[in-house]
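Residue numbers begin at 1 in each chain, while the letters A, B, ... track the order of the sequences.
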Number of protein chains: 2
Amino acid sequence: MTGLRERQKADRTGRILDAASRLFRAQGYDAVRIEDIAAAAEVSAGTCYNYFSTKGDLLLAIVSMEVEEVVEAGHTLVTTPPPDTAQALGSLIRLYYDHSLHYLSKEMWRKAMAFSIEAPGTPFSQRYTELDAMLSAQVCDLIAALQKRGLARPDLDAKVFGQIVFNTLNQMFIEFVKQDAMPLSDLHRLSDAQTASLAGLIR
Amino acid sequence: MTGLRERQKADRTGRILDAASRLFRAQGYDAVRIEDIAAAAEVSAGTCYNYFSTKGDLLLAIVSMEVEEVVEAGHTLVTTPPPDTAQALGSLIRLYYDHSLHYLSKEMWRKAMAFSIEAPGTPFSQRYTELDAMLSAQVCDLIAALQKRGLARPDLDAKVFGQIVFNTLNQMFIEFVKQDAMPLSDLHRLSDAQTASLAGLIR
DNA sequence: AAAAAAGATTGAGTTCGTTCATTTTTGAAG
DNA sequence: CTTCAAAAATGAACGAACTCAATCTTTTTT
């Protein structure tokens, strides 16, 4: 079933993604030209456009892989939440934040977020939006799980409140990547304060 | 004290802003070239760059003027809020949303938001971020005003809660401008539902 | 009022993302 | 094995944002 054509296609996709990911991280998104990526992936510039519609979409493909990992890691945590509301929320949020700079620079996040707003219809922009929705749903699930364990007010709409929490942490993350000088520890501090407030409303 | 040089500078700035605003709205941000703006403003392309650092920053200058108007209009409403929590919040939000498409297209909003994330250091990007903070503060002020009138739980931190409300409405607005097909009425529906939930938490 | 300095304008030139006509490679049919 | 069609790769050409050395305009100095 795996013809030569199919195998080469997958191989090229992988090489382009690898090359782009490595170069973006090493030199920055703007400093890397499509031609550089093509050269590193041993294809031509035109071929990159057979696989990814724009440079921005290629970036979003890379970012999406990262977010996929986070969604998976988050799933484990949501199914076995710590036995305290603030700590449960805090752990999930910390998981998201700490993963974020593992493979991606702030510049890459900025460009990715910008592109997903600017060009929402692009294939990987849609994928990225989906993944965002999955993260949001995960927070909702956590709150529902806490309710089930009697750690959160049962009269709360878990979906509405989960989205509120997600919007808040998302907004703080945007501020974080917008300021190159801001260290991760500051994001944690801000986040812990908000989480405490929000946990107060839940309990 | 207004020398010739100063007057010409103000005049040119105005002409560039006017031309760009008109052309962006009529033809779309991407379709308009700097040269087109320059021609319409009766200057050269290079001159546009003496006044605005990039095309994106020029757009943000235009968007900022719009947001300034909204901040002003909102101020009136916050000082004399309707005598009902949900209605007060709803009026302010409606004010923001209804103003949004008056002078600016969805594409312009998308590009502006994208640029403000992508290039946060640029002069008008900073201005735009400031204005965003002012809107957020306005929502906080409204909640504080409601507390003062006994229309909201006094034990609530107005600042924290205001930011939550602002983040929520901001996020909904982003979804709105990301989908060209979505009518303003749908945004209102979504917003009304969320506002009702949030008003419930406040009372 | 002339000369010098400071400040702005200009548009040709550079760069890089993107497109597309042409060429090459792959897979199927005879 | 040859022929043909479909799919994919290629790189030269294009377009638009942005830069910068040369030029022009305004202000200040003598």
Side-chain angles (χ1 to χ4, degrees), chain A residues 1-17 19-20 23-24 27-62 107-108 111-112 114-115 118-119 121-125, chain B residues 1-17 19-20 23-24 27-62 107-108 111-112 114-115 118-119 121-125:
Chain A
M1 253 304 111
T2 88
L4 173 59
R5 191 161 268 174
E6 221 174 323
R7 240 176 313 129
Q8 282 186 329
K9 216 163 153 175
D11 193 52
R12 285 207 180 95
T13 307
R15 289 211 309 275
I16 293 171
L17 283 169
L23 290 174
F24 284 161
Q27 302 173 211
Y29 178 83
D30 279 329
V32 174
R33 297 167 309 147
I34 292 289
E35 237 192 291
D36 299 331
I37 297 169
E42 296 178 292
V43 296
S44 75
T47 297
C48 290
Y49 285 92
N50 289 338
Y51 290 83
F52 302 95
S53 55
T54 65
K55 190 183 177 188
D57 210 40
L58 172 52
L59 172 64
L60 274 186
I62 293 166
E107 190 213 19
M108 286 169 79
K111 295 278 172 184
F115 188 79
E118 193 176 328
T122 252
F124 286 100
S125 196
Chain B
M1 255 307 107
T2 90
L4 173 58
R5 191 161 267 173
E6 221 175 324
R7 242 177 310 130
Q8 282 185 330
K9 217 162 153 176
D11 193 51
R12 286 204 179 97
T13 306
R15 289 212 309 275
I16 293 171
L17 283 169
L23 290 174
F24 285 160
Q27 303 174 207
Y29 178 82
D30 279 330
V32 175
R33 297 167 310 147
I34 291 290
E35 235 189 293
D36 299 332
I37 297 168
E42 296 179 292
V43 295
S44 74
T47 297
C48 290
Y49 286 94
N50 290 337
Y51 290 83
F52 301 96
S53 56
T54 65
K55 190 185 177 188
D57 211 39
L58 171 53
L59 172 63
L60 274 186
I62 292 165
E107 190 214 20
M108 286 169 79
K111 295 279 172 184
F115 188 78
E118 192 177 328
T122 251
F124 286 100
S125 195

Using the side-chain heavy atoms of [X], tell me which of these nucleotides is nearest: [options].
X       : options                : value
A:Ile34 : C:dT10, C:dG17, D:dA17 : C:dG17
B:Tyr49 : D:dT25, D:dA17, C:dG17 : D:dA17
B:Thr47 : D:dT10, C:dT10, D:dT25 : C:dT10

Whole-Å gap separating [atom2] ([N]) and [atom1] ([X]):
X       : N      : atom1 : atom2 : value
A:Lys9  : C:dT26 : NZ    : P     : 14 Å
B:Asp11 : C:dA8  : CG    : C1'   : 15 Å
B:Glu42 : C:dA8  : CD    : P     : 20 Å
A:Leu23 : C:dG17 : CG    : P     : 12 Å
A:Arg5  : D:dA5  : CZ    : C1'   : 10 Å
B:Glu6  : C:dA8  : CD    : P     : 10 Å
B:Tyr51 : D:dC18 : OH    : P     : 18 Å
B:Ile16 : C:dA8  : CD1   : P     : 13 Å

Inset, instruction - Select base, sugar-phosphate, or nothing to describe what B:Phe52 touches, counting heavy atoms under 4.0 Å on all strands. - result: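 Nothing: the residue B:Phe52, judged by heavy atoms under 4.0 Å, touches no strand.
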Inset, instruction - Would you indicate what B:Arg12 reaches in the nucleic acid, counting non-hydrogen atoms under 4.0 angstrom: base, sugar-phosphate, or nothing? - result: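 If one applies the 4.0 Å heavy-atom cut-off, B:Arg12 turns out to touch the sugar-phosphate alone, with no base involved.
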Inset, instruction - Between A:Ala31 and B:Asn50, name the one whose nearest nucleotide on DNA chain C is closer to the 5' end. - result: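 First, find each residue's nearest nucleotide; the 5'-ward one identifies B:Asn50.
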Legend entry - Given DNA chain C, 5'-ward residue of the pair B:Ala45 and A:Glu35, judged by closest heavy atom: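 Of the two residues, B:Ala45 wins.
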Legend entry - Within-4.5 Å side-chain heavy-atom neighbours: B:Val43 and B:Asn50: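 Counting from C-beta outward, B:Val43 and B:Asn50 never come under 4.5 Å.
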Does [X] place a side-chain N or O at less than 4.0 Å from the phosphate oxygens OP1/OP2 of [N]?
X       : N      : answer
A:Lys55 : C:dC16 : no
B:Ser44 : C:dT9  : no
B:Arg33 : D:dG15 : no

Inset, instruction - For A:Lys111 and A:Asp30, indicate whether the former's side chain and the latter's backbone hold a donor-acceptor pair under 3.5 Å. - result: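 Not confirmed, A:Lys111 side chain does not pair with A:Asp30 backbone.
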Legend entry - Donor-acceptor contact below 3.5 Å, side chain B:Tyr51 vs main chain B:Leu58: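 Flag not set: sc B:Tyr51 to bb B:Leu58 has no pair under 3.5 Å.
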Inset, instruction - Quick one: list whatever passes salt bridge (Lys or Arg N to Asp or Glu O under 4.0 Å) with B:Arg12, sequence neighbours left out. - result: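 None.
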Legend entry - Pairwise 5' ranking along DNA chain D for B:Ser53 and A:Val43, keeping only the more 5' one: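 That would be A:Val43.
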Legend entry - Residue mapping more 5' on DNA chain D - nearest nucleotide basis, B:Gln8 or B:Thr54: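 Its nucleotide being nearer the 5' end, the pick is B:Thr54.
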Legend entry - Identified salt bridge (charged side-chain N to carboxylate O under 4.0 Å, His left out) partner of B:Asp11 from the options B:Arg7, B:Arg15, B:Lys9: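 In the set B:Arg7, B:Arg15, B:Lys9, the residue that makes a salt bridge (charged side-chain N to carboxylate O under 4.0 Å, His left out) with B:Asp11 is B:Arg15.
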